[in-house]
Amino acid sequence: MKLATWNVNSLKVRLSQVIDWLNVNQPDILCLQETKSQNENFPYNEIMASGYQSVFTGQKTYNGVAILSKTIGTETVTKIPNFDDVQKRVIASTFGDLRVICIYVPNGDAVDSEKYGYKLRWLPALNDWLRNELVTYPKLALLGDFNIAPDDRDVYDPESWEGKVLCSQPERDAFGRLLDLGLTDSFRMFDQPEKSYTWWDYRMMAFRRNRGMRIDHILLSNELSKICLSCQVDKTTRKLERPSDHAPVFVEISD
DNA sequence: ATGGTAGAGGATCTA
């Protein structure tokens, strides 16, 4: 079983790349972030034609998340319960006994900004919800754009980024509290290439210079992490024409 | 050097 996540930065622009990626990689689940598509414009039929179901929640211009899957999901939820949020950043669905939660964590802008405060309120709300979800669903995968580089080795220049948004201690502590729930960062279960990242700024030729950050993650509950076989970043999409600024991450889990 | 690129939407906002 293959589970993947990809911040596509506009599904409209990236649709052909997404469909190509599905056809080549045949994931069971692909979580998308930053679809930037209202529900009525979601390319449901085009994705269906490649053999994938979709559940999605979107809004105009910003945010938007979706789960594409080979089988139909149930118990779909499109928000963090008991947390008021007009921004569409969460979708969860169940596939057999597998609970998949797709998230697009607020970016935070800068540590002295209002958006950073929103990010630091959003993450505990997610945490509280996940604590309950893990009781209900022992096989739980949390995938998405976390907008947090958990460690200095996840940052191309940790000195210049020290304390900045994506790397600040409060954000890293919030990430740590997700792990404290019993989740595992699947990427770090395996040997990985040095300087592995999932996002590179469009500017300053950041990808060519590998000035990136590892901010897209797949966290697995204990029942899944113990049967997880691999976790990889697929940098090939970032080399395409008109790429997303994020690369897909995927895990293989034994059936 | 506080820049720069991309997407949405149609001027800026977000990342």
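Hydrogens, waters and symmetry mates are skipped; everything else that's a heavy atom, side chains included, is used. The model shown is predicted, which means the values in this text are computed figures rather than measured ones. Letters go in sequence order (proteins before strands), and every chain restarts at 1.
In plain terms, the two heavy atoms of A:Arg99 and A:Thr74 that are nearest each other are NH1-O, 3.9 Å. Of all the heavy atoms in A:Leu11 and A:Phe42, the pair that sits closest is CD2-CE1, 3.6 Å. Scanning both residues, A:Ala206 and A:Asp201, for their nearest heavy atoms gives CB-O, 3.2 Å. Looking at every heavy atom in both residues, A:Arg209 comes nearest to A:Met204 through NH1-O, 2.8 Å.
Separating the P atom of B:dA1 from that of B:dT12 is a span of 29 Å, rounded to the nearest Å. B:dG3 and B:dG9 have their P atoms separated by 26 Å, given to the nearest Å.
As rounded to whole Å, 12 Å separates atom C1' of B:dC13 from atom CD of A:Glu34. Distance A:Tyr118 OH to B:dT14 P: 12 Å, rounded to the nearest Å. A:Gln87 places its CD atom 9 Å from the P atom of B:dT14, with the value rounded to the nearest Å. We find that CD of A:Gln33 is positioned 14 Å from P of B:dA15, with the value rounded to whole Å. We find that CG of A:Asp109 is positioned 18 Å from P of B:dT12, with the value rounded to whole Å. B:dA15 atom P lies 6 Å from atom NZ of A:Lys115, rounded to whole Å.
Residue-level contact check: A:Tyr104 touches the backbone only, with heavy atoms under 4.0 Å from sugar-phosphate atoms and none from bases. Among the protein residues, A:Arg89 comes within range of the sugar-phosphate backbone only, with heavy atoms under 4.0 Å from sugar or phosphate atoms but none that close to a base.
The list of side-chain hydrogen bond (donor to acceptor under 3.5 Å, both in side chains) pairs with a residue in residues 217-233 of chain A, not counting sequence neighbours, reads A:Arg214-A:His217.
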Reading nucleotides 1-11 of chain B from 5' to 3' and marking B where a protein heavy atom lies under 4.0 Å of the base, S where only the sugar-phosphate is that close, and - otherwise, the string is ---BBSSSS--
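Between A:Trp6 and A:Trp21, the angle of the ring planes lies from 30° to 60°, which puts this pair in the tilted group.
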